[in-house]
K.L.:
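I have a structure here, written as structure tokens, and I will follow up with some questions on it.
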2 protein chains.
Amino acid sequence: MTERADAARNRVAVLAAAEALFQREDLDHVSLARIAEAAGVGKATVMRRFGDLLGLVDALIAPRVAALQNRVRSGEPPLGPGGDAGARLHAYLDALFDFVVENRTLIRALEHYGPYAYYANPASQFWIDELTHRIHAARPAVDAPYLAYVVFTALRADVMDYLRVHQHMDTERLRAGVHALAAPPGPQPDLHR
Amino acid sequence: MTERADAARNRVAVLAAAEALFQREDLDHVSLARIAEAAGVGKATVMRRFGDLLGLVDALIAPRVAALQNRVRSGEPPLGPGGDAGARLHAYLDALFDFVVENRTLIRALEHYGPYAYYANPASQFWIDELTHRIHAARPAVDAPYLAYVVFTALRADVMDYLRVHQHMDTERLRAGVHALAAPPGPQPDLHR
DNA sequence: TAAAATACGGTCCACTGGTCCACTTATGTA
DNA sequence: TACATAAGTGGACCAGTGGACCGTATTTTA
């Protein structure tokens, strides 16, 4: 069964309105009702199609997630498969970092939704799993799953926004901090011989 | 002007009721109205005295914060003043870790309140400043302010709860992870000679 | 063109944090 | 002991939220 024409029209209108509102308005002034109003549809229409605000944000961010996942799964090394473990880790951190910076308003909406909404999101689980693998490959001596969660938490959009806006740390300082966190410079303890 | 007897009675009742509710109920089922009802007072009574929910949580946690701050400022080394920089850092991490574990329901309420409520809290600022100093003393080569924020973020009660409950990491594993984060084992890069 | 399937959205609900203000109560003074 | 007054109280109310319902309108299919 194909999607009805009016449904498709409304879907596009709602997504566009939501995107615009999230960019323009302060996060907690964005509500179902405002999005519906901006899109020129009823609240129930938004709800039925996307379930809730979380689903709407998911739908907005999904294509960008997919694009990055493609680059990670089958792009050029070192972000794609192949290459030195250390380089693969750093390339991945850069890609994640840029992704968060570029999509920070949507990611903050995600984080805002519930206490675990950010981590439980399927995309986040992918990022974290991949991060775990790459940390483990580059630094076999550390507790990679835990460190992956910590690094991912340091990449939260709300955390980064706070550090940038209220602690006046510039973006590149944060980026350097994330890299240092995941793979400190200097000699690694060589526990394997 | 001294506090009126009924006001004092209500203050105690509200604090006790709030404490009990936060322990017993799921966080987002705790509301002003429920607290007021449980304390047997009106909502406005709660609001006037504590300003808002944040103020109430602050009042609950303040004495415990003060107790730990005393130990940090004037207790026995290495948590108190004096001792080896590395030992001071690790003692402080342990104390903070235990503090979060013991008060996790209240801390989660704090974090829940607003995006920056956790970090903006005066107590948090103290913890972070102290953490910054101790990291800097133990590891002069790293970006101590940034690392302090990251470590403090890793100590968020919601993050730790998520890792414990949904990722099945036990408490001691988290503790070890935090220590490794702030001061990785093995040779430190010696950039100072 | 008619029937059936699908989508729509106005309206209602329970609930939130927060404010208002007429009323009660404790307190210090005379 | 009487009483004026400052302080404290709490039920009613506000605008806002996410969500559910269901009669109506529109599109698709036969």
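A, B, ... follow the sequence lines: proteins, then strands. Residue 1 opens every chain.
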K.L.:
What residues form a side chain to side chain donor-acceptor pair (under 3.5 Å) with B:D129, not counting sequence neighbours?
P.N.:
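In terms of side chain to side chain donor-acceptor pair (under 3.5 Å), with neighbours along the sequence ignored, B:D129 is linked to no residue.
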
K.L.:
With respect to the phosphate group of C:dA7, does any side-chain polar atom (N or O) of A:N10 fall under 4.0 Å of OP1 or OP2?
P.N.:
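Checking A:N10 against C:dA7: no side-chain N or O falls below 4.0 Å of OP1 or OP2.
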
K.L.:
Sequence neighbours excluded, which residues qualify as side chain to side chain contact (heavy atoms under 4.5 Å, CB included) partners of A:D58?
P.N.:
A:I61, A:L110, A:N121

K.L.:
Identify, with sequence neighbours excluded, every residue that meets side chain to side chain donor-acceptor pair (under 3.5 Å) alongside B:T153.
P.N.:
B:Y119

K.L.:
Check whether any side-chain heavy atom of B:F152 lies under 4.5 Å from a side-chain heavy atom of B:Y118, and answer yes or no.
P.N.:
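Sidechains of B:Y118 and B:F152: in contact.
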
K.L.:
Side chains of residues 31-43 of chain A: which donor-acceptor partners sit under 3.5 Å, not counting sequence neighbours?
P.N.:
from	atom 1	to	atom 2	distance (Å)
A:S31	OG	A:R34	N	3.3
A:R34	NH2	A:E25	OE1	3.1

K.L.:
Taking DNA chain C as the partner, which of residues 37-62 of chain B come within under 4.0 angstrom of it by heavy atom?
P.N.:
B:K43, B:A44, B:M47, B:D52, B:L53

K.L.:
Would you kindly compare B:R34 and B:D6 by the position of their nearest DNA chain C nucleotide and give the one closer to the 5′ end?
P.N.:
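Looking at the nearest nucleotide for each, B:R34 comes out on the 5' side.
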
K.L.:
Quick one: B:R9 CZ to D:dA7 C1', roughly how many Å, whole number?
P.N.:
14 Å

K.L.:
Below 3.5 Å, can you tabulate the donor-acceptor pairs from side chains in residues 68-82 of chain B to any protein atom, sequence neighbours excluded?
P.N.:
from	atom 1	to	atom 2	distance (Å)
B:Q69	OE1	B:R73	NH2	3.3
B:S74	OG	B:N70	O	3.2

K.L.:
Residues from residues 15-31 of chain B sitting under 4.0 Å of DNA chain D, heavy atoms only?
P.N.:
none

K.L.:
Can you run down the side chain to side chain donor-acceptor pair (under 3.5 Å) pairs that involve residues 82-91 of chain B, sequence neighbours left out, and say none if there aren't any?
P.N.:
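Only B:H90-B:H179 qualify under side chain to side chain donor-acceptor pair (under 3.5 Å).
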
K.L.:
Identify, with sequence neighbours excluded, every residue that meets side chain to side chain donor-acceptor pair (under 3.5 Å) alongside B:R173.
P.N.:
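Scan of B:R173 (side chain to side chain donor-acceptor pair (under 3.5 Å), adjacent residues dropped) gives A:D143.
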
K.L.:
For A:R11, give me all partners under side chain to side chain donor-acceptor pair (under 3.5 Å), at least two apart in sequence or on another chain.
P.N.:
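Here the qualifying residues are A:E3.
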
K.L.:
Pull out every residue in residues 105-116 of chain B that has a heavy atom closer than 4.0 Å to any atom of DNA chain C, ordered by number, or say none.
P.N.:
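Heavy-atom contacts with DNA chain C come from B:Y113.
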
K.L.:
Mind checking ring pair (Phe, Tyr, Trp, His ring centres under 6.0 Å) for A:F126 and listing every partner two or more places apart, or none if nothing turns up?
P.N.:
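Here no residue qualifies.
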
K.L.:
Rounded to whole Å, how long is the line connecting atom CG of B:L32 with atom P of D:dG16?
P.N.:
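These atoms are roughly 19 Å apart.
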
